[in-house]
Number of protein chains: 2
Amino acid sequence: MKLLEFNYKNTALVSESEVKETAVLLEKYMVHLNEIAKDNDYESLEASINLAFFENQIAESEKLADAKKSEKLKYIVVVGIGGSNLGTMAMYEALFGKLHIALNGKNPKTLFLDTNNPKLFSDIKNILEDVKDSEEILINVISKSGGTTETISNFETLYAHLKNNISNIKNRVVITTDFESKLWYAAKNSGFEVLKIPKNVGGRYSVFSAVGLFPLALLGVDVKNMLKGVKDMRDLCLSGDIEKNPALVSAILMFLHNKNGVNISNSFFFNPQLEMTGKWYRQLMGESIGKEKNKKGDTVNSGITPITSVGSTDLHSMAQLFLGGPKDKFTTFINTSAKNSGVAVPEALVLGDLVDGISGKDYFEIMDAIYGGVKKAYENKKVPYMEVVLPEINENSVGQFMQFKMIEMMFLAELLGVNAFDQPNVEDYKKETRDLLEK
Amino acid sequence: MKLLEFNYKNTALVSESEVKETAVLLEKYMVHLNEIAKDNDYESLEASINLAFFENQIAESEKLADAKKSEKLKYIVVVGIGGSNLGTMAMYEALFGKLHIALNGKNPKTLFLDTNNPKLFSDIKNILEDVKDSEEILINVISKSGGTTETISNFETLYAHLKNNISNIKNRVVITTDFESKLWYAAKNSGFEVLKIPKNVGGRYSVFSAVGLFPLALLGVDVKNMLKGVKDMRDLCLSGDIEKNPALVSAILMFLHNKNGVNISNSFFFNPQLEMTGKWYRQLMGESIGKEKNKKGDTVNSGITPITSVGSTDLHSMAQLFLGGPKDKFTTFINTSAKNSGVAVPEALVLGDLVDGISGKDYFEIMDAIYGGVKKAYENKKVPYMEVVLPEINENSVGQFMQFKMIEMMFLAELLGVNAFDQPNVEDYKKETRDLLEK
């Protein structure tokens, strides 16, 4: 499998020499990351860069997925929120599309029960009504801390409902949490199967731990090929080669544009099934560099707001703003190099000649013309961007992309002088919520 | 039906007297809007404020929907992009949820074919494979100009496929476009049914024209109740009462915060089925005030970037940034005042006491505690917000919300001195795309 490629020269508003000068600031951190990689360190904050090499834990997830697999399996219900489900959702939609729930095919449908919304809950309950045999369903509850309000509430409510209708449902629950969390003990005591998350890997960096590996393996994703892409990209992103390392270059570009007043990072995907990958990245960037204080303890209110756009859909809603509005965005276009989709406009058109040049064209050719037009317009208007080209969309390339972005975020946090791994301000609302709930 | 309510006092970072002073700047424009309303003017740029009163056109959409309705109708395929489908998608998801395609029930499933993506096209083709009788399907093609590349390409490709499999499919196509556009004539010549869009109502303001009315009526939405909400809100938003007019207050708050450096508007919905309403609003704001030049022709690069957040999901990805990051956002929380959802956590919990205070709680109570916690945290951190409270989620209240937002945007554009109704920079990429397509 080819690796993703990137371009920024002449399209970003910084020079190559600025990029090189800034790379020097990351040399020490790069050495640090390489040591963590070399030591196969699974305890450090950056341990997520080693997850694809963590054979024991990968085998644990795969083995349990094999044990729970069944010809009859129709539905996987992932009960989790934020870092516990976004990576899995991203990979699921990338590979199976947004309409998978309505398609025929053998891979089980995956339902994501995240927030405590009655409509979402009722709809999932309604869909699960046709489950009669416990082998048709598997529930994966994921909470790193073990005390996530929405996740525990949703699981308790769903389980109370299902246990009346499906015998043996207890064997169809797998709980993923930190080793020795309160949930870990509660699950063990109640006789549920448990998978553990490496202690220092936070939710937003955890997709290649049991958090993502177990449901994805169960779904039938080729986990080995996915992790192959992750490993290859890890190695590329730990190299000092500024011409080839996408994480290094992307972090530096975002840092330099942010220094010049850019406070929005636009991930503009030209494949709609990557929209959820954009939402996964939103958490990664939002929580990793959105910080009230820097590592020295000074108040800095740092951060870049991540937004996700989808081509060509959002050109029909946001292009006017992107091209005409404030110069407050740095854009990363993500496209594939695949050229032949097998879907083409017919030669003979029932409505005749309404749009020039579409007759007989493959959908990828049309999208390429639109994408080319957009890049040209960005250049004409001096709206800065970089481009990431995936060879195609599959588990390997999306794995590459996610590993690239996680390492990019470590570099960016290092440049900004903030801690990429904590999220202290989340407590600000959770504390207030606890007070209200206990009333 | 109750009207939506709003609050901003003590939570926005501007004083009531500043709001009142700014309202004076809109007095003349308010008179202008009231004249357009009084005259039942359907020709002006602001004609969208009269759409709910445009009896002839409403009747035309309803009549055609009645004619095309069928007990057998399973699928509505909306072929359109941007202003042609976002309003319908917003209302569809608000009323039927994101999982409607997989639910049992009598309302037809609606599929949105927007961009030229081969995966999306193939998935929709796959879903439509079980259609045998033409009465099971209706295709609504929507393009204001009549020359939208993606829409025409998608329709031609879909139609070429379906006409081989479904006899009489021609009678199950309705084309919505400007009167006398090239598409209008092509459709008439080919014998397709046609609905027209009022000439001066642009895509982003067109949801209550045939663009939205026809598919929503076909879906079984109570259009009369929806338009009742729209009318009531129109009247409220044209009143000079600064205590009661949400459009006036919201526009002024956004304008004043933007003057103080805020360049992001966060619409934070606490009901996930309103996420698509956020995407509809994204176009409304993005295209209406994202402008290279003001009305005098000076280069201003004005604009506020709209983002959509969903509670409580996005608290687990973006709260850290919102509370700890840069002070560059003004937030509008949108919640409902409904208190009893009928979905509740059981009293007896299989995992025991992992989260205090959830046992026996209704889902709305839990969400209210989370929402209350978030508001408190925003206030503690001086992150500015206003709050919009819908009585509940139905066609009436979502209609209210959309009309409120469209008038808000007219006020905001007026304050910024830009044209709320054009989108000149969209041509920048379309021109380049045409050149590439014709190669």
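Note that the structure is a prediction, hence the values are computed from the model and not measured. Below, all heavy atoms of this structure are taken into account, side chains as well, without hydrogens, waters or symmetry copies.
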Response to the item:
Of the listed A348(B), G105(B), P272(B), G147(B), the one with the largest count of heavy-atom pairs under 4.5 Å with chain A is P272(B)
Worksheet item: Using a distance-only test with no angle check, is there a side-chain donor-acceptor pair under 3.5 angstrom linking K279(B) and S317(A)?
Response: no
Item to complete: May I ask you to name which of N116(A), L437(A), T115(A), N189(A) has the most heavy-atom pairs under 4.5 Å with chain B?
Response: N116(A)
Practice prompt. Report the residue from I152(B), T148(B), L183(B) that forms a side-chain contact (heavy atoms from CB on, under 4.5 Å) with V355(A).
Written response: I152(B)
Fill in: Side-chain donor/acceptor of Q283(A) to backbone N/O of H316(B), under 3.5 Å
yes
Worksheet entry | Per-residue contact mode, K125(A) against chain B (heavy atom under 4.5 angstrom) | neither
Worksheet item: Hey, which of N271(B), N154(B), D435(B) has the most heavy atom pairs under 4.5 Å with chain A?
Response: N154(B)
Worksheet, complete the sentence: Rounded to the nearest 0.5 angstrom, the CE-CG distance for M285(B) and L321(A) is 9.5 Å
Discussion item. If we define contacts as heavy-atom pairs under 4.5 Å, which of S153(A), P306(A), G342(A), A187(A) has the most with chain B?
Written reply: S153(A)
Worksheet item: Do you know which of K375(A), K119(A), E438(A) has the most heavy-atom pairs under 4.5 Å to chain B?
Response: K119(A)
Discussion item. What part of K291(B) gets within 4.5 angstrom of chain A, counting heavy atoms only: side chain, backbone, both, or neither?
Written reply: both
Discussion item. Please check: side-chain N/O of Q423(B) versus main-chain N/O of Q320(A), any donor-acceptor pairing under 3.5 Å?
Written reply: no
Worksheet item: Hey, which of I81(B), L158(B), V345(B) has the most heavy atom pairs under 4.5 Å with chain A?
Response: I81(B)
Worksheet item: For the atom pair OG1 (T151(A)) and CG (L354(B)), what is the distance rounded to the nearest 0.5 Å?
Response: 11.0 Å
Worksheet item: F192(A) versus chain B, heavy atoms under 4.5 Å apart: side chain, backbone, both or neither?
Response: side chain
Discussion item. Ignoring hydrogens, what is the shortest heavy-atom contact between E150(B) and S312(A)? Give both atom names and the distance.
Written reply: OE2-OG, 2.6 Å
Item to complete: Give, for atom CG of N263(A) and atom CG of D328(B), the distance between the pair rounded to the nearest 0.5 Å.
Response: 4.5 Å
Worksheet item: Rounded to the nearest 0.5 Å, how far apart are CD1 of I127(B) and CD1 of I101(A)?
Response: 10.5 Å
Discussion item. Please determine whether side chain to side chain contact (heavy atoms under 4.5 Å, CB included) holds for the pair Q273(B) and N117(A), giving the CA-CA distance in whole Å, both sets of side-chain angles, and the decisive distance to 0.1 Å.
Written reply: CA-CA 9 Å; Q273(B) 71 260 41; N117(A) 179 255; 3.7 Å; yes
Worksheet, complete the sentence: When the 4.5 angstrom heavy-atom criterion is applied to L86(A) and chain B, the contacting part is side chain
Worksheet item: Where on N104(A) is there a heavy atom nearer than 4.5 Å to chain B: the side chain, the backbone, both, or neither?
Response: both
Worksheet item: Will you find, in the side chains of T157(A) and Y363(B), an N or O donor that is under 3.5 Å from an N or O acceptor?
Response: yes
Practice prompt. Taking the side chain as every heavy atom from C-beta outward, state whether L99(A) and N126(B) have any pair of such atoms under 4.5 Å apart.
Written response: no
Item to complete: Measure F155(A) against the heavy atoms of chain B and call it side chain, backbone, both or neither at under 4.5 Å.
Response: side chain
Worksheet item: Side chain, backbone, both or neither: which part of F96(B) has a heavy atom under 4.5 Å from chain A?
Response: backbone
Worksheet entry | Residue part contacting chain A, namely of S190(B), when any heavy atom lies under 4.5 Å | side chain
Item to complete: For A319(B) and Y429(A), work out which heavy atoms get closest and say how close.
Response: CB-CE2, 3.9 Å
Fill in: Contacting moiety of D123(B), where chain A heavy atoms sit under 4.5 Å
both
Worksheet entry | chain B interface, residue from G357(A), A344(A), G324(A) that has the most non-hydrogen pairs under 4.5 Å | G324(A)
Worksheet item: Most heavy-atom pairs under 4.5 angstrom with chain B, which of K376(A), E427(A), E287(A)?
Response: E287(A)
Discussion item. Please classify the contact of L284(B) with chain A as side chain, backbone, both or neither, using a heavy-atom distance under 4.5 Å.
Written reply: neither
Worksheet, complete the sentence: Whatever's closer than 4.5 Å to a heavy atom in chain A on A160(B) counts as side chain
Worksheet entry | Top contributor to chain A interface from G82(B), A186(B), P118(B), G303(B) [non-hydrogen pairs under 4.5 Å] | P118(B)
Discussion item. Testing the basics here: between E156(B) and V350(A), what is the closest heavy-atom pair and its distance to 0.1 Å?
Written reply: OE1-N, 2.8 Å
Response to the item:
The interface call for Y185(B) against chain A, heavy-atom contacts under 4.5 Å, is neither
Discussion item. For K293(B), which atoms come within 4.5 Å of any heavy atom of chain A: side chain, backbone, both, or neither?
Written reply: neither
Fill in: Shortest non-hydrogen contact between V343(B) and S122(A), atoms and distance
CG2-OG, 3.9 Å
Worksheet item: Do Y371(A) and T433(B) pass the side chain to side chain contact (heavy atoms under 4.5 Å, CB included) test, and can you show the C-alpha distance, the side-chain angles, and the key distance before you say yes or no?
Response: CA-CA 8 Å; Y371(A) 180 53; T433(B) 294; over 6 Å; no
Practice prompt. Check each atom of F364(B) against the heavy atoms of chain A and say whether the ones under 4.5 Å are side chain, backbone, both or neither.
Written response: side chain
Response to the item:
For M318(B) and T305(A) the tightest heavy-atom approach is CE-CG2, 4.5 Å
Response to the item:
Okay, L103(B) and chain A: the region with an atom under 4.5 Å from a heavy atom over there is both
Response to the item:
side-chain contact (heavy atoms from CB on, under 4.5 Å) filter on D428(B), not counting sequence neighbours, yields L323(A), A377(A), K381(A), N425(B)
Worksheet, complete the sentence: Pair count under 4.5 Å, heavy atoms only, with chain A: among E129(B), E365(B), K329(B), highest is K329(B)
Fill in: Shortest non-hydrogen separation from S302(A) to P326(B) and the atoms involved
O-CD, 3.4 Å
Response to the item:
Looking only at V426(A), I304(A), L351(A), the option with the highest number of non-hydrogen pairs under 4.5 Å against chain B is L351(A)
Worksheet, complete the sentence: Interatomic distance, CD1@I366(B) vs CG@L436(A), rounded to 0.5 Å, equals 13.0 Å
Fill in: Which atoms of I370(B) approach chain A - backbone, side chain, both or neither, heavy atom under 4.5 Å
both
Discussion item. Strictly by salt bridge (Lys or Arg N to Asp or Glu O under 4.0 Å), give each pair with a member in residues 299-325 of chain B just once, sequence neighbours left out.
Written reply: R282(A)-D314(B)
Worksheet item: Of the backbone (N, CA, C, O) and the side chain (C-beta and beyond), which part of S145(B) lies under 4.5 Å from a heavy atom of chain A, both, or neither?
Response: neither
Discussion item. For N380(A) and E432(B), which I'm curious about, is there any donor-acceptor pair between the side chains at under 3.5 Å?
Written reply: yes
Worksheet entry | For chain A, the option from K430(B), K361(B), R434(B) that forms the most heavy-atom pairs under 4.5 Å | K361(B)
